[in-house]
Each structure stands twice: as C-alpha cells, then as structure tokens.
Amino acid sequence: MRLLPVVVSVLLTAAAAYFVYLPLPDAIQEPWKLMMLDAGFRVTVHLAALKQWLGMSHYMYTIRQSTEAFDGFSKTLRGSESGGGGVVPGVKVSDTDFDGIPVRVYEPPPGGEGHLRRGVMYFHGGGWALGSARKGSYDAINRLMSDELNAVVVSVEYRLYPEVHFPVPYLDCFAAAKYFLSPEVLAKYMIDPERVAVSGDSAGGNLAAAVAQQISSGDSRSLKFSVQALIYPVLQALDFNTPSYLQNQEIPILYRNLMVQFWLQYLGADLSLQSQLLANNHSSLQQSAFTPELRARVDWSVLLPQKFQKNYKPVIVGKGPQGGAKEVPGLLDVRAAPLLAGPEVLAKCPRAYILTCEYDVLRDDGLMYARRLQDVGVTVTSDHYEDGFHGCFSFLFWPFEFDVGKRVFRSYMNWLQKNL
Ligand SMILES: *[C@@H]1O[C@H](CO)[C@@H](O)[C@H](O)[C@H]1NC(C)=O
C-alpha cells in the first residue's frame, strides 16, 4: 500500500488549512473569502521580507509587484481590460498632470452648451505606500462614479513611500486640489464650482480630510470644496490603544502592527520605534508638546459613544522614554493628523460623509472626527457598518467581491448623489 503519498497530502492540506484559517467574528460575512485574501497577503509579506533580507529589493516593491500581478490575474479571470467594473462606454479617460502632479481624469459625455457637471477629486488608499489611481479597483470605481454621478472625477497619482515621505504625498494632493479648484480649470472641464467633492479611502481619506481643512482655512475665497466624503480615514497617530485599535488588532487585512508601520514610514521615522508606538510611549505625559488641549482632541473616553467604548480603558503612559515626538516628526502636524485640528479650523470644513466599519482599527478615528465636526456645527453623515471590515470598499469585483463592499459603495454613491 502506498501510504506515504496519502500521509503527505493529508499533512499538506492540514498545513494549508492551518495557514489560511483565522478565527473571525461571526458578524463578518463570507469569512473564507477574507481568509484567502489575508493568506495571500501574508504570503506576499513573508516573501517581501525574505527578498529584502537577501538584498534583492525593497520589501515595498515586492508587495507592489504582487498586488499588480494579482490585479492582472483578476482581470484575466474576468476577461476584461477595463480594470474591473466592466467598460463604461460613455466615460472618457485621460492621463495628464495638474500643476506637475500626475492625475487620471474621467469625463462623462458633455451635456450640451452651458450644461455644468459635478467634480470629484479622489485620493486612493494603500497606507501612503501602495495603490495607484490607474490600477486595481480604483480605476473601475472612478469610472463608475463619473458615469453615475455625471461627474468629472480626478484621481491623483501622488508619490508614495519609500520614494518619498510626509509631507510630500500631502503636498502633491494639495497642489493638485488647488489647481483643480481654480476657476479656469473648473470652466475648462465644465464643472459647477458649487458642486465639487474631495474624497478618499483609508490613507486617501487622511489626505482628503487634510486637504479639505487646508483649502477651507486658506485665504482664497474662490477655492472651495462643497463636500468631503471620507471612507474609513486614518486621522491620528497619538493613540494606538483606542477601543477599535485593540478590538480589531488581529482582524485582516489592516492589522494594528501594520497600521503603525505605515505611520512610521509615512512620517519618515525609524521603523524600530514600532513597539514604543504600540505602547503609546510616544505620547506619554512627559511629551510637553502634546498639550492637554491637543490630548482632548483625540480623547476617545469623551468623544466616542459609550456603545463603542465597551470596557476598554485609556492607555496613558506617565513616563515614556525621552525623544518621542522628536523621533517621529510630523506627529503633531495637522496636515498628517487632521483629527488634531482646532475647532476654528474644523468649523470652516465642508459638509461631510464619514464611513466607518466595526471591524477596523480605524473605526474610532472616523467616529471621533465625525463627533468633532458636529460639535462645531458641520453637518455630518456618519455611516457605520456593523459587518464592515477595513478595505471592503475596494472589493467590489469578482473574484474578490464582498457583499458588504457593494453595500458600502452604494451607500457612498447615494450620499454623493443627494449631497453633491
Ligand atoms: C515604554 O517606556 C518605558 C519607560 O521608558 C519603558 O520601560 C518601556 O520598556 C517602554 N515600552 C516599550 C514597549 O518599549
């Protein structure tokens, strides 16, 4: 009897199942799909670390190559070249630059003489290190937006880590936004100046919130966004022990460690500081630059509804190591952490849509921002998904389509349809 092959295949199957299986909360639907996605991501991260260790390439390049290969593979499976959502025939797509920043512009068919359209400036997510306006689901999503909203959508190809770090990605987005909002450019694209949105997901939501603040508190009265639509935005780096950071630290695909790593990379800090940040040592009471006034702006024990606080206790470190804020430049810069902006800045911000997911380390960043904007009189639609997980907005297309992703996308589009 040939027992060995049977034993080997049983062991291999068990090992594969062990690697893929991850206990997930019951509320998350289609758990196996998420586990497969997560396993693929973990394999990539291990491979990337190995290649960097062998001196072959920066790990971020390996991760980028893999996501592009995955993208190409999905397209082949779908048999479509349009990026995922199928061809949207009426939408004209062109690559150009706004004040030197590469952008992809999606234009709906012109509606005749004097017929103005909506405008949307979009910043993609990916931890300020991954993703592209031109690739993956972003291209497909922006085509659909342009078509359904009859909007000129401008997706910005801001520069990423490791090529650059803060403030460069922010400055790229800000420059593109200023250019887009100028009367000449809006006129050229036949856009109604009263109907221009700024939007983004995850790290793109961070950039959208920061750009919205800076534009609305700027001197120029002619430059303004009418609304901001933020999808699970990243908004602060002072407290990595919010209830959502703790509750969801092991939920794919944005693990708590990974988000801290993205922050250190973005701010150009030493990656070995990760454990200090996870312990909130970087925002200890000894850090005099982090004043009580600033602390109150990220104080979830006040800003978060009780329902989300559960039994979590604030992690406030009395004595951390010296350095802290100094070793992590930009930590207190509102252009990096929009939740730290003062009430006078927030009061001038445009009407907001803020989407949050229960199974997301960034849930509380979004909920606190919604509350702070509301407190100063800004109209906010806070749209919370009890079964949502971080990244679901990007999974709308086969083979990695999630029902919750489609519902989130519909809800976002409905809000823009009514409010833009
Ligand atoms: C946090 O800071 C304290 C005081 O310097 C130190 O003893 C502790 O090891 C630090 N924690 C981490 C995780 O680095």
Side-chain angles (χ1 to χ4, degrees), residues 22-23 38 41-42 45-46 48-50 52-53 58-60 63 127-129 161-162 165-166 202-203 206 232 234-304 308-334 336-337 339-340 359-368 390:
L22 193 76
D38 177 60
F41 199 58
R42 273 184 290 142
V45 168
H46 289 309
L50 179 68
Q52 172 149 319
W53 183 73
H58 194 283
Y59 68 93
M60 218 30 105
I63 297 177
W128 308 282
Y161 174 89
H165 53 72
F166 180 78
S202 195
N206 165 279
Y232 35 68
V234 193
L235 298 166
Q236 59 88 28
L238 288 169
D239 188 355
F240 293 109
N241 290 277
T242 63
S244 63
Y245 262 110
L246 295 175
Q247 174 186 289
N248 304 311
Q249 52 186 316
E250 299 294 340
I251 303 275
I253 45 180
L254 186 63
Y255 295 97
R256 178 168 172 250
N257 290 350
L258 180 62
M259 191 59 238
V260 172
Q261 185 183 333
F262 279 143
W263 264 116
L264 288 168
Q265 292 175 170
Y266 184 44
L267 297 178
D270 195 323
L271 300 186
S272 67
L273 292 170
Q274 195 184 46
S275 61
Q276 301 284 355
L277 267 64
L278 286 166
N280 274 359
N281 262 356
H282 65 306
S283 53
S284 74
L285 292 172
Q286 265 182 327
Q287 303 293 332
S288 54
F290 188 21
T291 59
E293 197 182 9
L294 286 176
R295 282 176 198 279
R297 295 176 188 171
V298 295
D299 183 355
W300 58 261
S301 69
V302 172
L303 297 170
L304 214 55
F308 296 105
Q309 297 196 17
K310 299 188 178 147
N311 291 322
Y312 292 100
K313 297 276 171 286
V315 175
I316 299 166
V317 178
K319 270 190 167 183
Q322 292 301 316
K326 283 193 204 78
E327 290 173 18
V328 190
L331 203 56
L332 300 179
D333 192 323
V334 294
L339 188 58
L340 293 179
Y359 299 106
D360 180 358
V361 291
L362 301 175
R363 178 196 73 187
D364 299 344
D365 282 25
L367 291 172
M368 285 194 275
H390 191 85

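This one's a predicted model, so the numbers in the text were calculated from it and none came from an experiment. Remember, it's 1-based here, ligands and their atoms both numbered in the order they're listed. We use all heavy atoms of the structure for the numbers below, so side chains are in, but hydrogens, waters and symmetry mates are not.
A pairwise comparison of heavy atoms in Tyr245 and Met259 identifies OH-CG, 3.1 Å as the closest pair.
A donor atom on one side chain and an acceptor atom on the other are not found under 3.5 Å apart for Asp360 and Asn248.
Taking the six-membered ring wherever Trp is involved, the centroid distance between the rings of Phe290 and His282 does not fall below 6.0 Å.
Taking all heavy atoms of Leu273, Asn281, Leu277 into account, the minimum distance to atom 3 (C) of ligand 1 is reached by Asn281.
Remark: ligand 1 atoms within the under-4.0 Å shell around heavy atoms of Gln276 are 1 (C), 10 (C), 12 (C), 14 (O). Less than 4.0 angstrom separates some heavy atom of Lys319 from each of these atoms of ligand 1: 4 (C).
Classification of Asp299 and Arg295 as a salt-bridged pair fails, no side-chain N sitting under 4.0 Å from a carboxylate O.
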